[in-house]
Amino acid sequence: MNFALTPEEDEFRAEVRKFLGGQMTRDPGPLPQNAYYSIARRIREGLGRRGWLTLAWPCEHGGEDSPIKDAILREEMAYFGVPRANDYGTNLAGPLTIRYGTGSQKARHLGPLANGKEWWCIGFTEPMAGSDLAAIRTRAVDMGDHYLLTGQKDYVEWARESDWCCLLARTDPDSSGSAGLTLFLLDMKSPGIFLNPVAYMTGRSFAEIFLDQVRVPKEGVLGGVGRGWEVAKEVLEEGRSGIEFVGWARRILDLMIEQAASEGGGSAGPVARHKVAEAAMDIEVARLLSYRSVRNRSRGRASTSEVSKSKLFGSEMCQRVAGTAMEVRGLAGQMARDNRWGDLGWIVHDHFMESIAGTIYLGSSEIQRNLIAHRQLGLPH
Ligand SMILES: Cc1cc2nc3c(=O)[nH]c(=O)nc-3n(C[C@H](O)[C@H](O)[C@H](O)COP(=O)(O)OP(=O)(O)OC[C@H]3O[C@@H](n4cnc5c(N)ncnc54)[C@H](O)[C@@H]3O)c2cc1C
């Protein structure tokens, strides 16, 4: 099997790097929350103007049908430290609306998704439904021409900044488990939505969402009543390529190499050299797994266990590489974003924290291991 990128894909990577390099200082450093989001918004709208937010979308919907170019873009955005805000919009809500949306849902949502103007969040997790997502208790009561949603969602990233939410709720009150669930496109300005901001270790925006009889018109159902589980599984798999871990880890590797070149000493000694070489190898494996799963998924050939492998390996690889950098960089590698020494060690610290989170969101490492054991290896539950 040939894993090499085509010359056109390599050229695209160079173009992306040039664009991102001109848009922002690599690693923007400590920023107040509003500056962080204005950078994210400016860059995403810039990407939208170039048609790069929709590279993986089918041509008939304005895309290029090129998931590989999309993966290249995402890898480079991670490398340059572009704030991850609204990834769920273009990468998850868009493809799902294309696949499952009605004509009017496509007409309403695809344009603002493609130009990066409307932001989306994902409302799946609940206090008693994380790994066991099928235990969802948020109710959606059928009122004839609309539904009334009542319940709570946890750990919703970018809930406060988002215009819309893909929200999973139980439409059949007598159902349990994965049956009787429905996915809704929820307007975040609807009356009855209350947000409680939650602090997050790397300063990302998080909130709990409380829903008190929130009205959603019937045309807000995505993919059909009772088909929520099927659509939600697609959301989770779509997000599991793990390519951003490759970008973050490459950035950390470059820092280690730059440090060894400028300081010499321990950071260029034999122990450090071997660790850096291992990190480079680890990154290469993660990258191959990631691009293979993206390529196979685009051909309808990637299995659940294949995407699980690339997400699991990528997130844990990033943690290993950041851990190595912390050792090699010494105390500076543990500095937080707002350290007053102006040391780039905070990037290592930040990516280490992010990679811990990466072993939890979109399904924890244990859940990915379960999926590989059951789905690929046929081990019993
Ligand atoms: C940074 C971050 C961003 C997130 N963003 C979102 C978001 O935008 N929207 C959203 O809906 N959710 C989001 N989540 C929530 C995330 O999907 C859940 O945290 C995750 O699914 C785990 O659920 P939980 O926290 O309830 O832990 P639990 O499910 O309670 O798990 C606790 C521990 O038990 C282990 N465990 C559970 N079940 C099993 C099992 N069957 N076998 C072996 N081990 C098991 C888990 O691996 C974990 O270590 C985010 C989480 C994080 C950390």
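Counting starts at 1 for both ligands and their atoms, following the listed order.
Residue, atom and distance of the protein heavy atom nearest to atom 37 (C) of ligand 1 are Ser131 OG, 3.5 Å. Looking only at protein heavy atoms, the nearest one to atom 21 (O) of ligand 1 is Gly130 C, 3.6 Å. Among protein heavy atoms, the minimum distance from atom 39 (C) of ligand 1 is reached at Ile367 CD1, 3.7 Å. Of the protein's non-hydrogen atoms, the one nearest atom 20 (C) of ligand 1 is Ile360 O, 3.7 Å. Shortest contact from atom 7 (C) of ligand 1 to any protein heavy atom: Tyr155 O, 3.1 Å. With hydrogens left out, the protein atom closest to atom 2 (C) of ligand 1 is Phe206 CZ, 3.3 Å, a heavy atom. Of the protein's non-hydrogen atoms, Asn370 ND2, 3.6 Å is the one closest to atom 41 (N) of ligand 1. In terms of protein heavy-atom proximity, atom 8 (O) of ligand 1 is nearest to Glu157 N, 3.1 Å.
Here Ser364 has side-chain heavy atoms under 4.0 Å from ligand 1, and that is the only part of it that gets that close. Of all the heavy atoms of Trp158, none lies under 4.0 Å from any atom of ligand 1, so neither backbone nor side chain is involved. Contacts between Leu133 and ligand 1, counted as non-hydrogen atom pairs separated by less than 4.0 Å, are absent for every part of the residue.
Among the atoms of Phe124, some N or O lies under 3.5 angstrom from an N or O of ligand 1. In terms of polar-atom proximity, Ile122 is counted as a contact of ligand 1, with an N or O under 3.5 Å from an N or O of the ligand.
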Determine whether Phe12 and Trp52 satisfy the following criterion, ring pair (Phe, Tyr, Trp, His ring centres under 6.0 Å), listing intermediate values before the conclusion.
CA-CA 11 Å; Phe12 176 69; Trp52 286 358; 5.1 Å; yes

Using ring pair (Phe, Tyr, Trp, His ring centres under 6.0 Å), reason through Tyr88 and Trp158 one step at a time and then give a plain yes or no.
CA-CA 9 Å; Tyr88 291 153; Trp158 312 305; 5.5 Å; yes

Step by step, work out the side chain to side chain donor-acceptor pair (under 3.5 Å) result for Gln152 and Asp154.
CA-CA 7 Å; Gln152 180 184 343; Asp154 266 3; 3.1 Å; yes

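Residues Arg215 and Leu148 form a side-chain contact, since some pair of their non-hydrogen atoms from C-beta on lies under 4.5 Å apart. Taking the side chain as every heavy atom from C-beta outward, Ser315 and Ser355 never approach each other to under 4.5 Å.
Contact annotation for atom 25 (O) of ligand 1: protein present (non-hydrogen atoms, distance under 4.0 Å). Not a single protein heavy atom sits closer than 4.0 Å to atom 34 (O) of ligand 1.
Against a heavy-atom cut-off of under 4.0 Å, Tyr361 is close to the following atoms of ligand 1: 1 (C), 2 (C), 3 (C), 4 (C), 50 (C), 51 (C), 52 (C). Proximity to Tyr88 (heavy-atom distance under 4.0 Å) selects the following atoms of ligand 1: 8 (O). Atom numbering of ligand 1 starts at 1 in the shown order; those under 4.0 Å from a heavy atom of Ala357 are 1 (C).
Around the CZ atom of Arg139, the shell of radius 6.0 Å holds no more than 12 heavy atoms that belong to other residues, nucleotides or ligands. Counting non-hydrogen atoms of other residues, nucleotides and ligands closer than 6.0 Å to CZ of Arg137 gives a total of 12 or fewer. The number of heavy atoms from other shown groups lying within 6.0 Å of OH (Tyr155) does not exceed 12.
Using a cutoff of 4.0 Å between basic side-chain nitrogens and carboxylate oxygens, Glu306 and Arg240 are not scored as salt-bridged.
Arg108 places no side-chain N or O within 3.5 Å of a backbone atom of Ser104 that could act as its donor or acceptor partner.
Judged by a 6.0 Å distance limit and a 45° cone about the ring axis, Arg44 is not positioned over the six-membered ring of Trp119.
Residues Lys309 and Gln376 bring a donor and an acceptor atom of their side chains to less than 3.5 Å of each other.
Within the set Glu126, Arg369, Glu366, the minimum heavy-atom distance to atom 45 (C) of ligand 1 is found for Glu366. Proximity annotation for atom 17 (O) of ligand 1: of Thr125, Thr359, Val156, Thr125 comes nearest, heavy atoms only.
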